[in-house]
Amino acid sequence: MFARLALNAQIGWFLALRAIRHASRWTTGLIIFVMALTFLNLVVVSGILVGLIQESVEAHRRQYTSDIILSSHNDKTYIENSPSVIAIVRGLPETESATPRYRAGGMLEANYKTRTQGEKANTAQAQIIGIDPHAEDAVTEISKSVVEGAYLLPGDYDQILIGSFLLRQYVPVDNPGLATLDNVEPGTRIRLDIQGVRREVIVKGILKSKVQDISRNAYMVDGQLRTMIGRGDGNVAEIAVKLKSDADPLAVRAALVRLGVDHVAKVQTYADAQPQFLKDIVSMFSTLGNVLGSIGLVVASITIFIVVFINAITRRKFIGILKGIGINGAAIELSYIFQSIGYALAGSAIGLALLYGLLVPMLKAHPIDFPFSDGILVAPVGETLVRVILLIAATVLAGYAPARMIVRKNTLDSILGRN
Amino acid sequence: MIETRNLIKTFKDGERETRVLKGIDFSATDGEFIAIMGRSGAGKSTLLYQMSLLDDPTSGEIVIAGHDTHTMSPEEKIAFRLTQCGYVFQDYALLPELTALENAALPLLMQGIARERAYAMACSALARMRLSHRLASRPSHLSGGEQQRASIARAVAHHPRILFADEPTANLDNESSDIVMAIFKDLHAEGQTIIMVTHEEQYAWLAQRTVILDDGKIVAVKDNLHDQRIRSVEY
């Protein structure tokens with residue numbers, strides 16, 4: 001049985017090799033080109049979909065949560081004993097830096113000096129975040145998101161950074177649910193109202209990021225916000241922790257839980273703290289990627305089926321002759337399967353070269369500018385190889401089916417070209 | 001060696017049935033050379049295809065070397081053809097992407113014969129056909145006569161029990177036809193059983209017997225040996 005199979009495979013290989021070697025170069029080139037495009041279709045479409053979200057997730061991690069984020073429990077607005085917690089966090093050997101943040105809801109008002117009686121106030125609701133500018137920048141590099149004006153310094157009292165989503169010039173669409181400020185730019189004085197405490201502050205800079213938690217907030221130095229909200233105890237709303245590059249966030253989270261930090265704060269890794277909409281989009285895009293990948297696979301199978309069918313039907317006479325002189329049908333079928341695998345491998349090899357030699361580096365250097373993230377191409381080697389294997393498996397089936405159809409035809413009818 | 005009993009072949013075209021072979025009883029002994037002749041449409045090629053197991057008869061029996069082929073599965077028939085039969089087709093039927101050597105070696109390789117030995121046997125068969133200088137040539141680079149000789153080399157390289165030939169000289173010029181028939185004569189002299197369909201009486205004359213078909217029936221069997229003896233006595 002095995003010897004028979006091996007012999008059929010040997011003859012199939014013998015025939016396939018010679019068929020490929022002496023096939024028309026143009027035809028072979030076209031088939032391989034189609035296979036390369038099919039492979040890219042399989043990998044690139046889903047890779048960009050995944051990349052779109054992955055970059056969004058990564059940006060949320062880089063610019064907001066960092067590796068670990070501690071935040072107040074749902075029934076509290078602050079983390080109890082924050083100074084102790086901050087000391088614990090900073091004392092962990094895995095911690096590279098940490099940034100405590102105060103947080104309070106507030107109202108920003110612009111143009112209040114020029115507003116006439118009866119005119120609607122130009123206000124916008126925002127979360128006001130109090131930060132230590134150096135500590136925040138060390139963790140999230142938030143200063144890189146300043147697109148106008150300048151970043152805060154520790155002594156910048158009565159100065160504020162405003163997220164671009166709070167400014168009309170950056171959100172030029174009238175959205176009834178999203179009030180924005182008019183005529184505000186660096187240097188503009190605006191009024192800040194937090195829990196009835198009002199202060200006039202100067203806009204020092206404008207923050208623009210595809211991470212909404214930055215673009216929808218306003219930032220000021222922690223000392224001033226602490227005074228405005230009366231948090232003299234130093235209890236902060238959240239602490240973002242950047243870990244050393246070799247540290248495992250899950251292990252650090254477990255260590256913090258063991259130290260009892262979870263009694264006073266929610267302890268989450270960046271993955272835990274992803275916004276629900278991001279998790280939903282990841283799930284949806286993953287499904288979408290699989291659906292598109294499956295369609296790509298079906299298209300690839302049909303392409304190969306047609307190619308092999310045309311090849312087999314035009315060589316029907318020779319298939320008949322092969323059977324006539326005693327060549328086993330299985331060996332003939334295997335020759336077509338080997339040819340199909342050859343085309344799939346060649347197409348995949350070209351596709352892989354284009355993918356890792358051109359597309360991935362190119363999109364990394366020049367990401368696609370989507371509204372909520374910078375789209376890169378995600379193509380992990382493992383998953384890509386799985387797709388190569390899937391493509392080859394589909395190719396084997398698509399190559400086998402038409403070959404089988406032709407081989408099963410009556411030998412003499414094939415030789416004489418009768419239907 | 002080969003025997004057919006009441007062999008019938010009917011072709012259907014929709015509702016219409018055409019009976020091409022109408023109960024053929026035929027036999028050939030080991031080492032015999034038989035020519036089959038007849039008018040176009042008489043059923044000569046159809047008879048050859050049934051006897052060579054390339055097609056299945058509608059009814060009747062074919063026994064080759066003691067094997068009742070009626071009971072064989074399609075796979076068994078392919079295996080039987082591989083080891084017991086050799087074929088020479090009218091249009092040579094060489095595989096275009098294989099060289100003459102590879103064409104001749106292919107059935108040997110399919111039998112599981114080691115590559116070196118298979119190539120040596122194919123080489124030897126091609127040498128007998130005076131094609132030693134054309135081993136690496138593909139069919140498109142061979143003349144018609146050379147292609148037919150390569151086809152004969154492929155058919156006999158594995159020493160089949162029966163060699164079937166379907167009008168092997170139909171597409172050849174006179175010189176090439178003579179060479180091909182001289183090869184058949186030599187093969188027969190060495191004991192090869194040959195059944196050949198031909199239109200040409202001068203080549204049928206080389207066979208021991210000529211079976212003449214008309215309208216799907218054997219209408220005459222000529223003993224060429226007897227005629228040859230008479231002729232030689234007359235001369």
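Lettering of chains follows the sequences in order, A, B, ..., and the numbering in each one begins at 1. Hydrogens, waters and symmetry mates are skipped; everything else that's a heavy atom, side chains included, is used.
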Under 4.5 Å from any heavy atom of chain B, what part of [X] do you find: side chain, backbone, both or neither?
X: A:R21; answer: neither
X: A:L416; answer: side chain
X: A:I11; answer: side chain

Please indicate whether [X] has more than 12 foreign heavy atoms, meaning atoms of other residues, nucleotides or ligands, lying under 6.0 Å from its [atom1].
X: B:H70; atom1: NE2; result: no
X: B:D68; atom1: CG; result: yes
X: A:F33; atom1: CZ; result: no
X: B:E116; atom1: CD; result: no
X: A:K317; atom1: NZ; result: yes
X: B:H199; atom1: NE2; result: yes

Calculate, to the nearest 0.5 Å, the distance between atoms [atom1] and [atom2] belonging to [X] and [Y] respectively.
X: A:T411; Y: B:L53; atom1: OG1; atom2: CG; answer: 10.5 Å
X: B:S52; Y: A:L412; atom1: OG; atom2: CG; answer: 8.0 Å
X: A:L322; Y: B:L95; atom1: CG; atom2: CG; answer: 4.5 Å
X: A:I415; Y: B:Y49; atom1: CD1; atom2: OH; answer: 7.5 Å
X: A:R18; Y: B:L106; atom1: CZ; atom2: CG; answer: 9.5 Å

Can you find a pair of side-chain heavy atoms, one from [X] and one from [Y], that are under 4.5 Å apart?
X: B:R81; Y: A:I325; result: no
X: A:F14; Y: B:L98; result: yes
X: A:N328; Y: B:M110; result: yes

Side chain from CB out, backbone as N, CA, C, O: work out which of these in [X] comes under 4.5 Å of a heavy atom of chain A, or both, or neither.
X: B:D56; result: neither
X: B:F80; result: neither
X: B:A93; result: both
X: B:L94; result: backbone

Minimum heavy-atom distance A:N410-B:D55, with the two atoms named: ND2-OD1, 3.6 Å

Nearest heavy-atom neighbours spanning A:F318 and B:P96: CE2-CD, 3.4 Å

Carboxylate-amine/guanidinium contact B:E97 A:R315, below 4.0 Å: yes

